[in-house]
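What follows is a single structure, written as structure tokens, with notes after it.
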Amino acid sequence: MPFFDDSGPQPEHEHSPLWRAITLIGERPEQMIALNVLWSGQSAPLLLAWAFPEWPWSLRIVLTFYTALAFAPASAVLLDLLARLTQGEPVDWYDVRSALSRHWLTSFQTLLPLTSLFVASFWLITWFDAQEWLIAAILARLSVLMLAVVSVHWGGLYIEQATVWSIVCTSFQRFWQRPGQTLGIALVSALAATLGIVSVAGFLLIVPVFIALLQIELARSFHTRKRDRGLT
């Protein structure tokens, strides 16, 4: 018996990606919360390392590295299962293990380098500030902002099995194709992420799933419009 049973109507051809993401959560809240808990649970070791500074530093480093590395495969599994759920496919615990097996390597080859772009950009900002290179620091901050905007396309492109370079290039292309929609989804994602930061319950229960759904539905909207143009 699938624990993510999905038998409701599919709204993938209705309204905007934001509306579809909200509708999907409203139709299947238990499944979405279960997936969110699986993903957010990977942060538990990091939280323990922060909460208990008296623990041995070696143990705290191990816990921190676990969370840092676990988020890549966990995010890949989350995107995979959400993509299946949004298409009406039932998902059970075997599918979770199967998705982890399929995405274990590719998540480190694709998702981890993508998120590392933000780390590298923040490191550059810190270094430029220390050197008092004003123009370089401003450009580095603009690069972080631009990456944050186009990153709303990364989840959907990852599901399409794109490479790191292809994801980066295509995300910029899609931004120029639909700048308004991309900026709108990025703003909603930023607001949701802020809610997840200030509200532990939001982070644990729904915010990461909501952001992932936005990315999946945004990518699907590009394919739907492309298919509709082909039919006309």
Side-chain angles (χ1 to χ4, degrees), residues 2-42 70-112 114-115 150-164 166-168 170-171 174 178 181-182 185-186 188-189 192-193 205-228:
F3 79 106
F4 293 137
D5 186 29
D6 184 3
S7 56
Q10 300 304 307
E12 60 266 19
H13 300 303
E14 303 173 6
H15 306 292
S16 67
L18 173 59
W19 182 270
R20 291 198 298 270
I22 295 174
T23 301
L24 288 162
I25 292 175
E27 290 176 350
R28 293 172 278 280
E30 297 86 358
Q31 298 95 320
M32 300 300 176
I33 290 175
L35 283 175
N36 202 96
V37 170
L38 286 175
W39 185 88
S40 60
Q42 307 309 311
F71 271 135
S75 298
V77 170
L78 179 66
L79 290 166
D80 182 283
L81 297 181
L82 284 176
R84 295 183 58 182
L85 279 174
T86 58
Q87 292 180 330
E89 300 180 23
V91 177
D92 57 23
W93 287 108
Y94 172 80
D95 295 308
V96 176
R97 297 192 299 269
S98 177
L100 179 60
S101 177
R102 291 196 310 274
H103 293 283
W104 176 258
L105 182 59
T106 58
S107 66
F108 288 112
Q109 294 174 331
T110 306
L111 291 180
L112 191 59
L114 286 171
T115 55
V150 301
S151 68
V152 298
H153 296 290
W154 291 357
L157 291 169
Y158 173 78
I159 292 300
E160 298 170 17
Q161 300 180 344
T163 62
V164 174
S166 176
I167 288 176
V168 173
T170 305
S171 65
R174 290 185 174 183
R178 300 189 198 172
Q181 186 181 48
T182 300
I185 296 297
V188 172
S189 298
L205 296 179
I206 204 60
V207 169
V209 158
F210 175 63
I211 294 174
L213 280 173
L214 286 176
Q215 297 193 13
I216 291 171
E217 293 300 334
L218 179 59
R220 188 166 294 159
S221 71
F222 275 85
H223 292 290
T224 300
R225 180 172 296 185
K226 183 178 180 180
R227 183 176 63 249
D228 293 343

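For the single chain, residues carry numbers from 1 onward in sequence order. A quick note: this is a predicted structure, and the numbers were derived from the prediction, not measured.
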Tell me, do T110 and T163 make a side-chain contact under 4.5 Å, heavy atoms counted?
no
Taking the side chain as everything from C-beta on, heavy atoms only, tell me whether L157 gets closer than 4.5 Å to E160.
yes
Evaluation steps, side-chain contact (heavy atoms from CB on, under 4.5 Å), between T106 and L111:
CA-CA 8 Å; T106 58; L111 291 180; over 6 Å; no
At their closest point, which heavy atom of A192 faces which heavy atom of I211, and how far apart are they?
CB-CG1, 4.1 Å
Side-chain donor-acceptor pairs of residues 71-80 under 3.5 Å, sequence neighbours excluded:
residue, atom, partner, partner atom, Å
S75, OG, W39, NE1, 2.9
S75, OG, F71, O, 2.6
D80, OD1, R102, NH2, 3.1
D80, OD2, R102, NH2, 2.9
D80, OD2, H103, NE2, 2.8

Evaluate side-chain contact (heavy atoms from CB on, under 4.5 Å) for R84 paired with D95, printing each intermediate quantity in order.
CA-CA 10 Å; R84 295 183 58 182; D95 295 308; 3.2 Å; yes
Between R220 and T86, is a side chain to side chain donor-acceptor pair (under 3.5 Å) present by the stated rule, with each step listed?
CA-CA 10 Å; R220 188 166 294 159; T86 58; 2.9 Å; yes
For a quick check under 3.5 Å, do S221 and R178 share a side-chain donor-acceptor pair by atom type?
yes
So CD of E30 and CD1 of I33: to nearest 0.5 Å the spacing works out to 7.0 Å
Determine, step by step, whether V152 and L214 satisfy the side-chain contact (heavy atoms from CB on, under 4.5 Å) criterion, reporting the C-alpha distance in whole Å, the side-chain angles of both residues, the deciding distance to 0.1 Å, and the verdict.
CA-CA 8 Å; V152 298; L214 286 176; over 6 Å; no
With a 3.5 Å cut-off and no angle check, do the side chains of H153 and T170 form a donor-acceptor pair?
no
Between Y158 and S107, a side-chain donor and acceptor under 3.5 Å:
no
Option passing side chain to side chain contact (heavy atoms under 4.5 Å, CB included) with F210 (candidates N36, L24, V188)
V188
Given 3.5 Å as the limit, does a donor-acceptor pair link the side chain of S151 with the main chain of W154, or not?
no
Can you find a pair of side-chain heavy atoms, one from L35 and one from Q31, that are under 4.5 Å apart?
no
Taking the side chain as every heavy atom from C-beta outward, state whether I159 and Q215 have any pair of such atoms under 4.5 Å apart.
no
So do P17 and Q181 actually touch side chain to side chain, heavy atoms under 4.5 Å?
yes
Checking L82 against M32 for the side-chain contact (heavy atoms from CB on, under 4.5 Å) test, could you report, in this order, the C-alpha distance in whole Å, the side-chain angles of both residues, the deciding distance, and whether it holds?
CA-CA 8 Å; L82 284 176; M32 300 300 176; 3.5 Å; yes
